[in-house]
Number of protein chains: 4
Amino acid sequence: MLNRVVLIGRLTRDPELRYTTNGTAVATFALAVERPFTNQNGERDVDFIDIVVWRKLAETCANHLGKGRLVAVEGRLQTRSYDDSNGIRRRAVEVVADSVRFLDWPKNNSTDNFDGQDFGGDFYEDDIDVPF
Amino acid sequence: MLNRVVLIGRLTRDPELRYTTNGTAVATFALAVERPFTNQNGERDVDFIDIVVWRKLAETCANHLGKGRLVAVEGRLQTRSYDDSNGIRRRAVEVVADSVRFLDWPKNNSTDNFDGQDFGGDFYEDDIDVPF
Amino acid sequence: MLNRVVLIGRLTRDPELRYTTNGTAVATFALAVERPFTNQNGERDVDFIDIVVWRKLAETCANHLGKGRLVAVEGRLQTRSYDDSNGIRRRAVEVVADSVRFLDWPKNNSTDNFDGQDFGGDFYEDDIDVPF
Amino acid sequence: MLNRVVLIGRLTRDPELRYTTNGTAVATFALAVERPFTNQNGERDVDFIDIVVWRKLAETCANHLGKGRLVAVEGRLQTRSYDDSNGIRRRAVEVVADSVRFLDWPKNNSTDNFDGQDFGGDFYEDDIDVPF
DNA sequence: TTTT
DNA sequence: TTTT
C-alpha cells in the first residue's frame, strides 16, 4: 500500500557498491539523522538509518558521495530477514531510495570534483523514473 | 534533521498497551504494508513495520484498533539498540507515529462499536499537536 | 529539488478524462481533505485540492473512480499560469499524482463493479514506475 | 484526513512578517522548487510555492532567512479564497509549514550572522511541537 | 558499525 | 511473530 520516507542526514561512511549476479548495481550506506529535539540530558539523539539504492543511482552515489556528506533521500521502507556471520537470524529495516539529492559540497580533501556545479548540488533519481 | 514516514497498512496483531514507570502510555503494533508491485514469482511481498505511539494516541489505538484493521500512519523513523531475551544485542527500527487514521470499520465480531461514524473512520493525532 | 505530497481525501466529482494532441491521456479531479482539527466554530474545515494524473493511471482513475470515493494520492506540487474564460490571468496549484490508492468500495448506485476485489482496494501507480 | 508536504527549495524573496489582530505572528514567503527533470526545451522548470508559518517559527524565519536561502519545509497543503485588490475572487493554495530547516549559509552580504553554527544549519519547528 |  |  502507501509507503513513503523522506530523510535529510549525513553519510556515516562511504557508500559500498556491489553487483548482483545478473550485474545490477546496488549501493548501501547509512544516514545519521538528528532528532528535532534534545533529550533529557540536553543532547540531540541521532538515528542511524540504512539506505539501499539500485542501478544507475547506485553508481552515482558511489562515485560522488562519501562519509559526512549531507543528502536528502526519498524512498520506501523495506524489511528483510537474514542470518548474520554468527548464524543469528536478524531483521533488516532499510530505506530503498528512489531519489538522492546532494545538499552540500564535497570536502576539499575529497577526490571528487564538482567544478561549476550550482550550489545545492545535483539531484539524482532512480533511472527508471521519467518526467510527467 | 528531516525525518518523515507515511504508511498505509493493516495491523498484524492487536496493539499492546504499556505504561512507563512515570505513567506515560505507550502502545506498539506492527503494520503489514504490501509492496506496490509483484515479485518475480508473481506474488506481492509485504513489509512488516513496527509502530510505536505515545500518550493519549496510544490509548486511543489500544481501545479502537485490532488485528487486521487498515490505518494510515504518519511519523518519524527511529532506531534503538537492546538486548533480546537471549542476551543478543539487537537493533530496532520503528516508526514513532504522531498521527493514526482509521481507514476501515471494525469487524462484526469486534467488541468495538463505531455506530454512526462517518465512513473513512476518525483521525487521531498525538495529543500534543494543536491547530495552526 | 525535493517535492513530495501525500493526501487522503474524497473525490468532489467524477474524474474528467482528456487527451493531449499527441494522444496522451490526462485525468483531473479534486480531493476534499479534512483538516485534522476543528476551527473556532467547532467545524472541521476542508481543503479542496486539484489532482492531475497522466497516461494509464489517468484511464484507470477515470474508469474506476467517481465522486465521493476515498483515495490516497502521492505526487508532486506543481504550479502553472493560465487565462480563464474571462481573460483573467490565474495561477493553478495542483498535485501531479504518480500513485493513487483506492481506499473504499464504490457505492451501490455506481456503474462500477469491483466484485471479488480484496478490501482496501487496488493500488495503481503511474505506468512508468517499475519494481526495484 | 492525511495531508503532508515536504519541499526543498530556495526563497524567492525575504519573508514578510505580520501580526494578526490578536498578536499572533505569521510570516509568508515563496519557494522556488526545481523539477526533477528537464522539459522538452532542455530547461529545468521551477514551481513557485507559497509558504505560511505561524508564531515563533514565523519570527525565526523572518529573522534568519532571506531571498535565495535553501530550506527544507514540512507542512500541510491549505486552500483559501480571497478577493484581490481589483475585486477579483481568487483561490490561494499554500503550504502551512510546521518545520523549516535551514540548509545553507547566509550570503556574505547578509546582515545575518550564524557564526559558529554547524554546517547544515539549524532546525526549527512550530513551537507547539514537543519531543516524544 | 556510526555523521557535522 | 505477521495483515486482507
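To find a chain, count down the sequence lines: A is the first, B the second, and so on, and within it residues start at 1.
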Distance, rounded to the nearest Å, where A:R91 contributes CZ and F:dT1 contributes P: 9 Å
Separation of atom CE in A:M1 from atom P in F:dT2, rounded to whole Å: 18 Å
Minimum-distance nucleotide (side-chain atoms of B:T12 versus E:dT1, F:dT2, E:dT3): F:dT2
Selected nucleotide, minimal atom distance to B:V46 side chain, candidates F:dT3, E:dT1, E:dT3: F:dT3
Electrostatic pair B:E34:B:R10 at N-O distance under 4.0 angstrom: no
Sugar-phosphate only, base, or nothing, as touched by B:R89 at under 4.0 Å among non-hydrogen atoms: nothing
Sugar-phosphate, base or nothing in reach of A:V33, heavy atoms under 4.0 Å: nothing
From F:dT1, E:dT3, F:dT3, nucleotide with atom closest to B:R10 side chain: F:dT3
B:E94 CD to F:dT1 C1', straight-line distance once rounded to whole Å: 15 Å
Nucleotide E:dT4, atom C1' - distance to CG of A:L103 in whole Å: 13 Å
Atom pair distance, as rounded to whole Å: CD in B:E16 and C1' in F:dT1: 11 Å
B:Y19 and B:E59 side chains, donor-acceptor separation under 3.5 Å: yes
Nearest-angstrom distance from the residue atom CG of A:L2 to P of F:dT4: 20 Å
Positive for side-chain contact (heavy atoms from CB on, under 4.5 Å) with A:V100, one of A:I51, A:T60, A:L65: A:L65
Per B:F48 side chain, nearest of listed nucleotides F:dT3, E:dT3, F:dT1: F:dT3
Side-chain ion pair, A:R35 and A:D47, N-O less than 4.0 Å: yes
Whole angstrom value for the distance that separates P of E:dT2 from CG of A:L70: 20 Å
B:L7 CG - F:dT2 C1' separation (whole Å): 15 Å
Salt bridge (Lys or Arg N to Asp or Glu O under 4.0 Å) against B:R91, all qualifying residues, sequence neighbours excluded: A:D50
